[in-house]
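Please read the structure below before turning to the comments.
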Amino acid sequence: ITRRCIACNSTISRRDHVMSTRTSRLAEALVRRWYSDMEPPLLLRPLEFLYWLIVGLRRAMYRRGWLASEHLPVPVLVVGNISIGGTGKTPLTIALVDYLREQGWQPGVVSRGHGGSNRAPRLVDGDSTPAQVGDEPCLIHAQAGAPVAVGRDRPAAARLLLEAGVDMILADDGLQH
């Protein structure tokens, strides 16, 4: 059986399919737990303190200028939330691309490329596969037809969009680290 991506119709290897299935099951279990009224396991509670400590230190480093923010010469609209699971961020991003085009903008989308193997910033094109760039960037590119750039270094990926001529950048799932 040949498995194909529903977004871009690329072939998905058996290994990638198995990994995706395992990841999906784990993600579903975590989402169910997240939205339940159950207390977190005792073993994880000390990690909460560690998480807040790290977040607080990181925020302080930005405030003091020890970590730098990147400012781009075009507006950046972040689509994201602090929740997890399928909350509709990607469909909203696609709808915003369409709306912004109607308003005369030339938007592009930047994404971390979660699930893709690509580490370096790159533009998504017709030959990109979900295994390389992630499934959501492939879907956005296929459905919206807008320039999409992925990369762990999102400011560097956003600069690729600037080179492609966009005048507004949408950050899909932009609140993730």
Side-chain angles (χ1 to χ4, degrees), residues 16 19-20 22-94 96-97 100 107-124 128 130-140 146-164 166-177:
D16 287 341
M19 290 301 295
S20 175
R22 287 181 186 157
T23 302
S24 295
R25 287 185 194 139
L26 176 61
E28 289 171 9
L30 290 173
V31 168
R32 276 194 308 275
R33 182 72 183 226
W34 180 269
Y35 286 112
S36 75
D37 291 333
M38 296 170 31
E39 289 286 324
L42 287 174
L43 181 64
L44 294 180
R45 290 186 188 167
L47 294 177
E48 179 182 12
F49 172 75
L50 181 61
Y51 172 80
W52 286 112
L53 179 67
I54 291 169
V55 168
L57 287 172
R58 190 167 188 259
R59 291 177 80 195
M61 288 192 288
Y62 274 108
R63 271 191 242 117
R64 287 187 169 78
W66 297 343
L67 292 177
S69 296
E70 178 124 5
H71 297 277
L72 299 171
V74 299
V76 177
L77 178 64
V78 176
V79 178
N81 57 26
I82 59 171
S83 189
I84 64 170
T87 56
K89 294 179 292 289
T90 298
L92 176 62
T93 300
I94 293 168
L96 285 170
V97 166
L100 290 168
V109 179
V110 66
S111 173
R112 189 171 178 269
H114 179 73
S117 62
N118 207 65
R119 301 263 185 237
R122 70 173 276 190
L123 288 171
V124 176
S128 300
Q132 295 169 329
V133 299
D135 58 347
E136 290 178 354
C138 281
L139 178 67
I140 294 167
V148 178
V150 298
R152 305 279 190 252
D153 181 354
R154 281 181 281 196
R159 287 190 293 275
L160 291 176
L161 292 172
L162 295 174
E163 292 170 11
V166 307
D167 57 7
M168 174 166 304
I169 295 173
L170 300 175
D172 182 49
D173 208 359
L175 298 179
Q176 70 177 348
H177 292 285

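Just so it is clear, the values below take in all heavy atoms, side chains as well, and ignore hydrogens, waters and symmetry mates. We're numbering straight along the sequence, starting at 1.
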Atom CZ of residue position R59 - does it have more than 12 heavy atoms of other residues, nucleotides or ligands inside 6.0 Å?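 Incorrect, the count does not exceed 12.
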Is it true that atom CZ of R64 has more than 12 heavy atoms of other residues, nucleotides or ligands lying nearer than 6.0 Å?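 No, because the 6.0 Å sphere around CZ of R64 holds 12 heavy atoms or fewer from other groups.
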As a test of understanding, state which of V109, L123, V74 forms a side chain to side chain contact (heavy atoms under 4.5 Å, CB included) with L161.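 The side chain to side chain contact (heavy atoms under 4.5 Å, CB included) with L161 is passed solely by L123 among V109, L123, V74.
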Could you check I140, V76, L77 and say which one makes a side chain to side chain contact (heavy atoms under 4.5 Å, CB included) with L170?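 Of I140, V76, L77, side chain to side chain contact (heavy atoms under 4.5 Å, CB included) with L170 is met by L77 alone.
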Between [X] and [Y], is any pair of side-chain heavy atoms under 4.5 Å apart?
X: S128; Y: R122; result: yes
X: L160; Y: E163; result: yes
X: I94; Y: T90; result: yes
X: L162; Y: I169; result: yes
X: V110; Y: R154; result: yes
X: P155; Y: L72; result: no

If we count only N and O atoms by modelled type, under 3.5 Å, do the side chains of T93 and D172 hold a donor and an acceptor together?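 A pair is found: one side chain offers a donor N or O, the other an acceptor, under 3.5 Å apart.
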Looking at residues at least two apart in the chain, or sitting in another chain, which of them share a salt bridge (Lys or Arg N to Asp or Glu O under 4.0 Å) with R159?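 So R159 forms a salt bridge (Lys or Arg N to Asp or Glu O under 4.0 Å) with E70.
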How far does [atom1] of [X] sit from [atom2] of [Y], to the nearest 0.5 angstrom?
X: Y62; Y: L57; atom1: OH; atom2: CG; answer: 13.5 Å
X: D135; Y: L139; atom1: CG; atom2: CG; answer: 7.5 Å
X: L47; Y: L53; atom1: CG; atom2: CG; answer: 12.0 Å

Taking all heavy atoms of V148 and all of P137, pick out the closest pair and write down the distance.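 For V148 and P137, the tightest heavy-atom pair comes out as CG1-CB, 3.9 Å.
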Which atom names give the shortest non-hydrogen contact between A146 and P107, and what distance separates them?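 Closest approach of A146 to P107, heavy atoms only: CB-O, 3.8 Å.
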